Amino acid sequence: MLLETAPPTTRATTGAVPKRPRRTGTLDTVMGIGVVAILLFPIYWMVNVSLQPGGRAVGTSWFPFSPDLAGYATAFADQSTNLVTSLLVASGSVVFSLLIAAPAAYALAQFRLRGLNVLLFAILISQMIPGIVVANALYSVYSDLGLLNSLLGLIVADSSAGIPFGILIMRAFMTQLPVSVIEAARVDGAGQIRAFVSIVLPMSRNALITAALFTFLFTWGDFLFALTLTTTNTVQPITLGLYSYLGTYVSDWSAVMATAVIASIPAIVLLGIAQRYIAAGTTGGAVK
Amino acid sequence: MSTTTTAVTPAPRGVSRSTGGRRQRALQLAFIVPAGTYLALFFGYPVIQNLLMGFQEYTTATFFTGEAPWVGLDNYRAVLTSEIFRRAAVNTVVFTFLSIAGQFVLGMALAVFFRRRFPLNNVLRSLLLLPWLIPLIVSSAIWRWMLDKDSGVVNQMIGAISASNADVGWLTDTSIAMAALVGVNIWLGIPFALTILYSGLQDIPQELYEAGALDGATGRRAFRHITWPLLRPVVTVVLVLGVVYTLKALDIILGLTGGGPANATQTLATEAYRLSFVQFDFGQGAAVGNLLIVVSLLFAVIYLRANRRAIDE
């Protein structure tokens, strides 16, 4: 249960799936497609509405028969700066989180030090602390330090999701690294840090990618810190841009849904091209 | 990789004892100092600061004068006697309980379903992750439009089925808004419950079912006597984490209803937000936040104990 970081393909072949040969399950596939169709209908609807001509027509048609990109034009006109902000904050948070989380994960996995248990305990507890509590306290500090409305401030605060998650997922992976390889490198004269950088990190590539992808998604989707730690619209991520559309009476839903589609692109793309890492991350962080 | 490495691991972990004594230990500490510092600054400090703020009159004036007078239990008194707080507390219980129940039952049903072997199983299962991966505020925008009273697709569908004009005020009617919010939150939580429960099911050895079948345990009896007992630790994790996440849910409520109409969907989390960032009474906001922490920590204790047991086993 602990190691989910291996590619799921190995799981499928280790006989975890029931071997019963009875019925090949075409009926089940139909049922499965039905379930997916129902549960993903809202996502379809988002795309559908985003392609409809603007306005607030009663009775949106079920399919965008004559796709209209006006919604996207409005969305890009309104949100392009926010989009850049989101990209910068999310990428910054990935770098920052990995720099902090990877060494800690390695230490938790391979060292025997007093205090490591305290760190692990702190990580688990940190998951229980409501974001609004953190935001409440950070607001005054940020105000004093001039970090409100700054990219740096958002990057560092948003990493509070990625860092604990990254530590847990990378630790689970690094615990499985063969000690013999690391020791061999050290016998050859590599120092602690060199062994980490040139042996451990390359071997942990998959776990690093998983941690990076999720940190990106967490930060990209952050709404609470963006809402509380910014007071002007100079540094405004796309989530907040979308929210400000919702704040008033909405007159142009196709623009709102086009923005929603744009804000969903990272999730959709990553699920498409990096599915095995996503699958590894979904179970890895929780069951610890 | 996992299969080859497990054989090697019994060797002593870590190299701390082998060489170099003190310098070595200092170097090892350097690996955890950044993470430790970060956690202290971004989790430890806020919790302590929040505890203190709960006893202070901490308002916008504080930012100009730098003064936050101590007021003892005034914030808690004000909060606990307010009508909105009582409403929010009841709402939090209702919201959390119904959301978790719904997510768990549907997630479990889907996990059991996806254990069957059929074409496209993996593809379909990973598609179901999508609602979980897109930003919460996106989901709330979608549902806000789908549940719109005048031209939302949900009313459109109901109208088509019942062949009459449906105009349910899903998000604007005080008696229905909570039900709508719970429904949306269940939709959001299904992927998480499904994924964790599915992986828990996959870890139950198939041989147990084969042996059970010989003793006549199939179908429902197999579920009751084999699946359920072995899945219990995973179930605990899903439930407790689900509760903790739901207690602090904010994005989805602010995006869908903003706590309204008339506080019908106000929870402790949104109330803490409202007091601090709408009323700018950070002291009272902190007081509500602290009460929320206490509730979360209660569940955290349950979680950690269950987790320890799961690791021990």
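Order of the sequence lines fixes the chain letters, A, B, ..., with proteins taken first and strands second; residue numbering starts at 1 for each chain. Keep in mind the model is a prediction, meaning the values are calculated, not measured. The analysis underlying the following values was restricted to heavy atoms, covering all of them including side chains, and did not include hydrogens, waters or symmetry mates.
Of the atoms belonging to A/Ile163, it is side-chain heavy atoms, and not backbone ones, that fall under 4.5 Å from chain B. Only the side chain of B/Ile190 comes within less than 4.5 Å of a heavy atom in chain A; its backbone stays farther off. For A/Pro164, the part lying near chain B is the side chain, with the backbone staying farther off; criterion is any non-hydrogen pair under 4.5 Å. When heavy atoms are compared at a cutoff of 4.5 Å, A/Leu217 approaches chain B solely by way of its side chain, counted from C-beta outward. In this structure, no portion of A/Tyr245 lies under 4.5 Å from any heavy atom of chain B. For a residue to count as touching a neighbouring chain, one of its non-hydrogen atoms must lie under 4.5 Å from one of that chain's; by this rule A/Leu39 touches chain B with backbone and side chain alike. For B/Leu130, the parts sitting under 4.5 Å from any heavy atom of chain A are the backbone and the side chain alike. Proximity to chain A (any heavy atom under 4.5 Å) is shown, for B/Leu127, by both the backbone and the side chain. A/Val261 does not touch chain B: none of its heavy atoms, backbone or side chain, sits under 4.5 Å away. Using a 4.5 Å cut-off between heavy atoms, A/Val181 makes no contact with chain B at all. Heavy atoms closer than 4.5 Å to chain B are found in both the backbone and the side chain of A/Ser159. For a residue to count as touching a neighbouring chain, one of its non-hydrogen atoms must lie under 4.5 Å from one of that chain's; by this rule A/Leu240 does not touch chain B. For B/Phe113, the part lying under 4.5 angstrom from a heavy atom of chain A is the side chain only. Residue B/Leu110 touches chain A through its side chain alone, counting heavy-atom pairs closer than 4.5 Å. When heavy atoms are compared at a cutoff of 4.5 Å, A/Met128 approaches chain B by way of both its backbone and its side chain. Proximity to chain A is limited to the side chain of B/Leu297, based on heavy atoms less than 4.5 angstrom apart. Looking at A/Ile33, both its backbone and its side chain come within 4.5 Å of chain B, counting heavy atoms on both sides. Contacts of B/Phe42 with chain A are made by both backbone and side-chain atoms, with heavy-atom separations under 4.5 Å. With a threshold of 4.5 angstrom between heavy atoms, B/Leu124 approaches chain A through its backbone and through its side chain. Contacts between B/Phe277 and chain A at a heavy-atom distance below 4.5 Å involve the side chain alone, from C-beta outward. Using a 4.5 Å cut-off between heavy atoms, B/Tyr58 touches chain A through its side chain atoms alone. With a 4.5 Å cut-off on non-hydrogen atoms, A/Phe218 does not touch chain B at all.
Note on A/Gly272, A/Ala105, A/Ala157, A/Ala107: by heavy-atom pairs under 4.5 Å with chain B, the leading option is A/Ala157. Per-residue heavy-atom pair counts under 4.5 Å with chain A were compared for B/Asn290, B/Leu120, B/Thr270, B/Leu128, and the maximum is reached by B/Leu128. Contacts with chain B were tallied for A/Leu138, A/Asp144, A/Leu227; A/Leu227 has the most, counting heavy-atom pairs under 4.5 Å. Between chain A and the options B/Asn155, B/Asp251, B/Leu129, heavy-atom pairs under 4.5 Å are most frequent for B/Asp251. Interface summary for chain B: among A/Leu116, A/Val35, A/Val134, A/Leu99, the most heavy-atom pairs under 4.5 angstrom belong to A/Val134. With chain B as partner, the option from A/Val49, A/Ile132, A/Asn136, A/Val118 having the largest number of non-hydrogen pairs under 4.5 angstrom is A/Asn136. Note on B/Leu39, B/Ile134, B/Ile137: by heavy-atom pairs under 4.5 Å with chain A, the leading option is B/Ile137. When A/Phe223, A/Phe41, A/Tyr243 are compared by the number of non-hydrogen pairs under 4.5 Å with chain B, A/Phe223 comes out ahead. With respect to chain A, the highest number of heavy-atom pairs below 4.5 Å among B/Ile32, B/Leu136, B/Val123, B/Thr62 belongs to B/Ile32. Contact tally against chain B (heavy-atom pairs below 4.5 Å) for A/Ser143, A/Gly221, A/Pro130: the top residue is A/Pro130.
No donor-acceptor pair under 3.5 Å is formed between the side chain of B/Gln49 and the backbone N or O of A/Ala137. The backbone N or O of A/Met174 sits less than 3.5 Å from a side-chain atom of A/Gln110, completing a donor-acceptor pair. Under the 3.5 Å distance criterion, the side-chain polar atoms of B/Tyr273 are left unmatched by any main-chain donor or acceptor of B/Leu268. Judged by distance alone, the side chain of A/Thr239 and the main-chain N or O of A/Asp222 form a donor-acceptor pair under 3.5 Å. Looking at A/Ser86, its side chain does come within 3.5 Å of a backbone N or O of A/Ile238 through a donor-acceptor pair. Under the 3.5 Å distance criterion, the side-chain polar atoms of A/Trp220 are matched with a main-chain donor or acceptor of A/Ala263. Remark: the backbone N or O of B/Arg116 is paired with a side-chain donor or acceptor of B/Asn121 at under 3.5 angstrom.
More than 12 heavy atoms of other residues, nucleotides or ligands shown are found within 6.0 angstrom of CG on B/Leu41.
Atom-to-atom distance recorded for A/Gln176:CD and A/Met203:CE is 11.5 Å, nearest 0.5 angstrom.
Under the 6.0 Å cut-off for aromatic ring centres, A/Phe173 and A/Tyr106 do not qualify, their centroids lying 6.0 Å or more apart. Taking the centre of each ring, B/Trp143 and B/Trp187 come in below the 6.0 Å mark.
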Yes or no on ring-ring contact (aromatic ring centres under 6.0 Å, His included) for A/Tyr139 and B/Phe63, after CA distance, side-chain angles and deciding distance? CA-CA 10 Å; A/Tyr139 182 82; B/Phe63 294 104; 5.4 Å; yes

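Listed here is the closest heavy atom pair of A/Ala226 and A/Pro237: CB-CG, 3.6 Å. Between A/Ser61 and A/Asn48, the shortest heavy-atom contact is O-ND2, 3.0 Å. Between B/Gly36 and A/Leu119 the shortest heavy-atom distance is CA-CD1, 4.0 Å. Here the shortest heavy-atom pairing between A/Leu177 and A/Ser204 reads CD1-OG, 3.7 Å. Of all heavy-atom pairs between A/Phe225 and A/Gly131, the closest is CE2-O, 4.3 Å.
For B/Arg125 and B/Tyr198, the positive end sits near the middle of the six-membered ring, less than 6.0 Å away and at most 45° from its axis.
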